[in-house]
**Student:** 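The structure is given below, and queries will be raised subsequently.
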Number of protein chains: 2
Amino acid sequence: MAPEAAAKFQQCNCLAVRQAARYLTQFYDQFLASSGLRTTQFSILAKLRGFGPLSINALAKELVMDRTTLGRNMLPLEREGLIEIVPGSSDRRTKDLRLTEAGVERLRAASAGWNQAQSRFEEAFGRKRSSELRALLREVVASEL
Amino acid sequence: MAPEAAAKFQQCNCLAVRQAARYLTQFYDQFLASSGLRTTQFSILAKLRGFGPLSINALAKELVMDRTTLGRNMLPLEREGLIEIVPGSSDRRTKDLRLTEAGVERLRAASAGWNQAQSRFEEAFGRKRSSELRALLREVVASEL
DNA sequence: CTTATATAGGTGCATATACGCTCATGTCAA
DNA sequence: TTGACATGAGCGTATATGCACCTATATAAG
């Protein structure tokens, strides 16, 4: 391997996104900590709040997350009674995840922290640039690879 | 919580980056699989290739990764003999991570897969936009939060 | 020199991530 | 109806992630 190859790796799109993900996750997690939620858990509750009950497969797709990952990420939420698992009515294979009252309440409580994290980031990074960044990231996820 | 709050969460910068990270990680990992390396491991070896031996703290900073995370991520690489841990010469607290010959060789072998992943992504997403995306992500990591 | 403080690193714990395999259920065609 | 195939979900395994707390070493203050 030529020495210049090492320089080429600095252009790695995957590494760039992962580094930013680690950085932002730590930042948002700080503001969510008082609510007892992690960013992943917050996003699960938020999606359920927006969409209503969803099957594991449907929610995983919505979160761009592996099905089996969501299956495990939901366990702490269920244990704490923030979501409940109800068997699908028509298809007996599916399990619908549904936000409980406690879940709605916890999401409400965590929203304050999320709002702070979101505004502080956009203040530092710029609203316009944040919007551009999100647009690019949406296109990444939408790109056919 | 008002119903429109759920819509607001769709603007979450953290979730956007994390989703893209999951998506891209899976994509790059497919191309690295035959080399027996994950993207995280590839990035560790690549950084060591570019910088030479680094302490855990220094390498972690370089990777925007928690020190303790790197301390664990390096274990599989050490076990396989791709890196070795040598005690710091001047400061007896530090441990320098150094690429072994086997590590250089493995990195070389994995480069083919990385090149494929990188070019296929940039072909689909666009070189210019990839470059813009990386620039924005670099600024995220550099932003003072 | 001694003590206070800062820094390098490790450990326990909990969650996050996804692949491969398996099982149960649904669907469609012969 | 039944057999082939598709789909929803769970489990085992391995790695990834970072916080709180700990020890060892270094450095500066007195």
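Numbers restart at 1 for each chain; the letters A, B, ... are given by sequence-line order, proteins then strands.
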**Student:** Whole-Å distance between C/dG10 C1' and B/L75 CG?
**Tutor:** 10 Å
**Student:** Find the distance B/L54:CG to C/dG9:P and express it as a whole number of Å.
**Tutor:** 11 Å
**Student:** To the nearest Å, give me how far apart NZ (A/K61) and C1' (C/dT17) are.
**Tutor:** 18 Å
**Student:** Quick one: side chain to side chain donor-acceptor pair (under 3.5 Å) pairs with a partner in residues 34-44 of chain A, sequence neighbours left out?
**Tutor:** A/T40-B/R18
**Student:** So if I take every side-chain heavy atom of A/R93 and compare against C/dT15, C/dA18, D/dA6, which nucleotide ends up nearest?
**Tutor:** D/dA6
**Student:** Does A/R67 get its side chain close enough to the base of D/dA9, under 3.5 Å, for a donor-acceptor pair?
**Tutor:** yes
**Student:** Using a 4.0 Å heavy-atom cut-off across all strands, classify B/T40 as base, sugar-phosphate, or nothing.
**Tutor:** sugar-phosphate
**Student:** Please state whether the base of C/dC19 and the side chain of A/T68 form at least one donor-acceptor pair under 3.5 Å?
**Tutor:** yes
**Student:** Compile the donor-acceptor pairs under 3.5 Å between side chains in residues 64-71 of chain B and protein atoms, sequence neighbours left out, one pair per line.
**Tutor:**
residue, atom, partner, partner atom, Å
B/D66, OD2, B/T68, N, 2.9
B/D66, OD2, B/T68, OG1, 2.6

**Student:** Quick check on C/dT17: is either OP1 or OP2 less than 4.0 Å from any side-chain nitrogen or oxygen of B/R18?
**Tutor:** yes
**Student:** In whole angstroms, how far is the P atom of D/dA16 from the CG atom of A/D66?
**Tutor:** 16 Å
**Student:** Kindly say if A/R72 contacts the phosphate of D/dG12, meaning a side-chain N or O under 4.0 Å from OP1 or OP2.
**Tutor:** no
**Student:** Examine the base of C/dT25 for any acceptor or donor lying under 3.5 Å from a partner atom in the side chain of A/R92, and report the outcome as yes or no.
**Tutor:** no
**Student:** Nearest nucleotide by nearest heavy atom, which residue falls closer to the 5' end of DNA chain D, A/A58 or A/Q26?
**Tutor:** A/A58
**Student:** Could you point out which residue of B/L48, B/L99, B/L37 forms a side-chain contact (heavy atoms from CB on, under 4.5 Å) with B/L77?
**Tutor:** B/L37
**Student:** Any idea how A/F121 and A/F125 line up, ring-wise: parallel (<30°), tilted (30 to 60°), or perpendicular (>60°)?
**Tutor:** parallel
**Student:** Which is more 5' along DNA chain C, the nucleotide nearest B/Y23 or the one nearest A/E80? Just name the residue.
**Tutor:** A/E80
**Student:** Please assess A/F27 against A/Y23 for the test ring-ring contact (aromatic ring centres under 6.0 Å, His included), listing each intermediate value before the final yes or no.
**Tutor:** CA-CA 6 Å; A/F27 180 69; A/Y23 188 76; 7.6 Å; no
**Student:** Quick one: A/I85 CD1 to D/dA9 C1', roughly how many Å, whole number?
**Tutor:** 12 Å
**Student:** Touch check for A/T25, heavy atoms < 4.0 angstrom, all strands: base, sugar-phosphate only, or nothing?
**Tutor:** nothing
**Student:** Looking only at side-chain N and O atoms, does A/R22 come under 4.0 Å of OP1 or OP2 in D/dT17?
**Tutor:** yes
**Student:** What is the distance from OH of B/Y28 to P of D/dT15, rounded to the nearest Å?
**Tutor:** 23 Å
**Student:** Could you tell me whether A/T69 contacts a base, only the sugar-phosphate backbone, or nothing, with contacts defined as non-hydrogen atoms closer than 4.0 Å?
**Tutor:** base
**Student:** Would you kindly compare A/R38 and A/I56 by the position of their nearest DNA chain D nucleotide and give the one closer to the 5′ end?
**Tutor:** A/I56
**Student:** Can you tell which of D/dG8, C/dT15, D/dA16 lies closest to the side chain of B/Q41?
**Tutor:** D/dA16
**Student:** Determine: side-chain N/O of B/N73 to OP1/OP2 of D/dT15, distance under 4.0 Å, yes or no.
**Tutor:** no
**Student:** In this structure, how many angstroms lie between the C1' atom of C/dA16 and the CG atom of A/L37, rounded?
**Tutor:** 15 Å
**Student:** Round to a whole Å and report the spacing from CG of B/N57 to P of D/dA26.
**Tutor:** 15 Å
**Student:** Looking only at atom types and distance, does a side-chain atom of A/T100 sit under 3.5 Å from a main-chain N or O of A/G81, one as donor and one as acceptor?
**Tutor:** yes
**Student:** Would you classify A/T94 as touching base, sugar-phosphate or nothing, given that sugar-phosphate means primed atoms plus P, OP1 and OP2, and contacts are heavy atoms under 4.0 Å?
**Tutor:** sugar-phosphate
